[in-house]
Amino acid sequence: MNRSKHRAAVLDGFNRALKFIEVSSQAPGPLEVLVRVRAIAINPFDRIVQTLGDLITPWVKFPAVLGSDVAGEVIAVGEGCQRIKVGDRILGLALGVDRAGNRAVEGAFQEQVILREACCSRLPERIAFVDAAVLPLALATASSGLFLKGQLGLDVSALNVASTRTVNEPKASVVIWGGATSVGTVAIQLAHAAGYRVLSTASPHNHAQILRLGASAVEDYKDKKAVERLLGASKGTGLAGVMAIGVGSGQPCLRIAAGHRAKPKVAMASAPISLDSAPIGPQAAWRLVNLPRLAGGFAKLAVSAGFTRVPTSSIWGTALVEESLGTEIFTQFAETALADGRLKTVPEPFITGYRLEDIPDSMEVLRKGISARKVVIEL
């Protein structure tokens, strides 16, 4: 086997099929690590970049390698790395199509990937790679939405306090709409660990898990009285913010925020319509129908927010990377919390393949819908 090369799923341009080829392996640069990939998780964002990247991520350089979620073994470290060592088992956030990285060598969909040391967390031996791979992008997105100043701006100071700390009264309530999503399950844990009272939504069959993760109350998101009940549950402590996760979550979250005199911010990791159905190939008809619906949905949200005077923001999942928050979450909180059990690897992985060539079919599994699990490929 030629160790100077490895296999990768390469994207030559937007709206094209992936190619599975050998690419040149590279050594990590300063403050970077080279990882032998053992598991990758697939997110809706991966397929959206592939099909609609000219609209969503026009900066992407080709050839590109998709994928944000990775777990594996460190096989080399760059100059200046002190925390991560060769042989460490890690999870990491890959930045191959992100503005911060935008290099094929940093994409997760390959056998070897270069990661920033600051975007890696060492794993306890008891956590399998397939379990760890579900976390990185969800951890980044949830942290960005909850704690960045341009988002909800919640107090992050309690996160790195030991789990044996004295339990005090919660600072305030936080509503996390979409608690059974990969971002939602992590956001619940983060907000709870930071000392907030968490109120959430999910399908009834996921309620028990949402409560185990730290939520104080959970409602069926399809229930017409969910907004009213969450409003009532938040009255006692006040409402620090609302996080809207998932398609169509913006409007009910705006109603929750508007029901409070303080008008807390709504941070949105959502869109008015699903973008998963965009085909690979001719898209003129799809765009003609769906792009006006998308624009109309966002316009309706803007009008509702303006009318109710509720501040809103859109979450970019990797925004914490260029902030000190990124280092705090990946190098401090996640490592400690994975070890002491405060941070659980949820949702459960759903293994759909064992080779890179299984990625397209796995994307289709995710597109068709999966509840409270995350699609993972084990290499």
Does any part of the side chain of [Y], heavy atoms only, come nearer than 4.5 Å to the side chain of [X], both counted from C-beta?
X	Y	answer
Ile40	Val37	yes
Ile114	Arg103	yes
Val174	Leu154	yes
Tyr196	Ser173	no
Met243	Val183	yes
Phe350	Ile370	yes
Ile315	Ser144	yes
Val70	Pro136	no

Can you check whether [Y]'s main-chain N or O pairs, donor with acceptor, with [X]'s side chain at less than 3.5 Å?
X	Y	value
Gln50	Leu11	no
Arg7	Val23	no
Thr181	Gly178	yes
Gln189	Lys344	yes
Glu32	Gly29	yes
Ser121	Phe330	yes
Arg197	Ala233	yes
Asn43	Phe45	no
Glu117	Gln82	yes
Arg342	Leu159	yes

Identify the residue among Met363, Arg355, Glu357 that makes a side chain to side chain contact (heavy atoms under 4.5 Å, CB included) with Ile359.
Met363
Of the options Leu338, Val134, Thr345, Leu115, which is the one that meets Leu91 in a side chain to side chain contact (heavy atoms under 4.5 Å, CB included)?
Leu338
Output yes when [X] and [Y] qualify as a salt bridge under the 4.0 Å nitrogen-oxygen rule, no when they do not.
X	Y	result
Asp220	Lys225	no
Arg122	Glu73	no
Arg47	Asp276	no
Glu322	Arg116	yes
Glu348	Arg373	no
Arg229	Asp223	yes
Arg83	Asp88	no

Before giving the answer on side chain to side chain contact (heavy atoms under 4.5 Å, CB included), spell out for Met268 and Ser249 the whole-Å C-alpha distance, their side-chain angles and the decisive distance to 0.1 Å.
CA-CA 8 Å; Met268 299 186 185; Ser249 61; over 6 Å; no
Between Thr318 and Leu95, is a side chain to side chain contact (heavy atoms under 4.5 Å, CB included) present by the stated rule, with each step listed?
CA-CA 8 Å; Thr318 56; Leu95 299 170; 4.1 Å; yes
Start with the C-alpha distance between Arg367 and Asp361, add both sets of side-chain angles, then the distance that settles salt bridge (Lys or Arg N to Asp or Glu O under 4.0 Å), and finish with yes or no.
CA-CA 10 Å; Arg367 188 189 69 80; Asp361 287 344; over 6 Å; no
What closest approach, in Å, do [X] and [Y] show between heavy atoms, and which atom pair accounts for it?
X	Y	answer
Ala41	Lys374	CB-CE, 3.9 Å
Cys253	Ala244	SG-CB, 3.5 Å
Gln209	Val346	NE2-CG1, 3.9 Å
Leu356	Ala9	CD1-N, 4.2 Å
Ala191	Val198	CB-CG2, 3.7 Å
Phe333	Leu343	CE2-CD2, 4.2 Å

So, taking the atom named [atom1] in [X] and the one named [atom2] in [Y], what distance separates them when rounded to the nearest 0.5 Å?
X	Y	atom1	atom2	value
Ser234	His260	OG	NE2	2.5 Å
Leu320	Cys119	CG	SG	7.0 Å
Glu228	Ile256	CD	CD1	11.5 Å
Ser274	Asn290	OG	CG	9.0 Å
Ser313	Leu152	OG	CG	6.5 Å
Leu52	Thr57	CG	OG1	9.0 Å

From CA spacing to verdict: side-chain hydrogen bond (donor to acceptor under 3.5 Å, both in side chains), Trp316, Ser314
CA-CA 7 Å; Trp316 186 254; Ser314 295; over 6 Å; no
Please check if Ile75 and Val77 belong to a single hydrophobic cluster, counting links between Ile, Leu, Val, Met, Phe, Trp and Tyr side chain heavy atoms closer than 4.5 Å.
no
Side-chain H-bond candidate by donor/acceptor type, Ser277 with Trp286, under 3.5 Å
yes
Run the numbers on His205 and Ser371 for side-chain hydrogen bond (donor to acceptor under 3.5 Å, both in side chains), then give the verdict.
CA-CA 10 Å; His205 65 275; Ser371 176; 3.3 Å; yes
Those residues that, when tested against Asn15, pass side chain to side chain contact (heavy atoms under 4.5 Å, CB included) (two or more places apart)
Ile280, Gln283
Do you know which of Gln110, Glu111, Arg36 makes side-chain hydrogen bond (donor to acceptor under 3.5 Å, both in side chains) with His6?
Gln110
Please evaluate residues Glu323 and Leu148 with respect to the criterion side chain to side chain contact (heavy atoms under 4.5 Å, CB included), reporting the C-alpha separation (whole Å), side-chain torsions for both, the decisive distance (0.1 Å), and the verdict.
CA-CA 9 Å; Glu323 305 274 349; Leu148 285 180; 3.9 Å; yes
is_close_aromatic(Phe14, Trp59), centroid dist under 6.0 Å:
no
Side chain to side chain contact (heavy atoms under 4.5 Å, CB included) evaluation trace for Val35 with Ile90
CA-CA 8 Å; Val35 177; Ile90 61 98; 3.8 Å; yes
Can you establish whether the number of heavy atoms outside Lys235 located under 6.0 Å from its atom NZ is more than 12?
yes
Arg126, CZ: over 12 other non-hydrogen atoms inside 6.0 angstrom:
yes
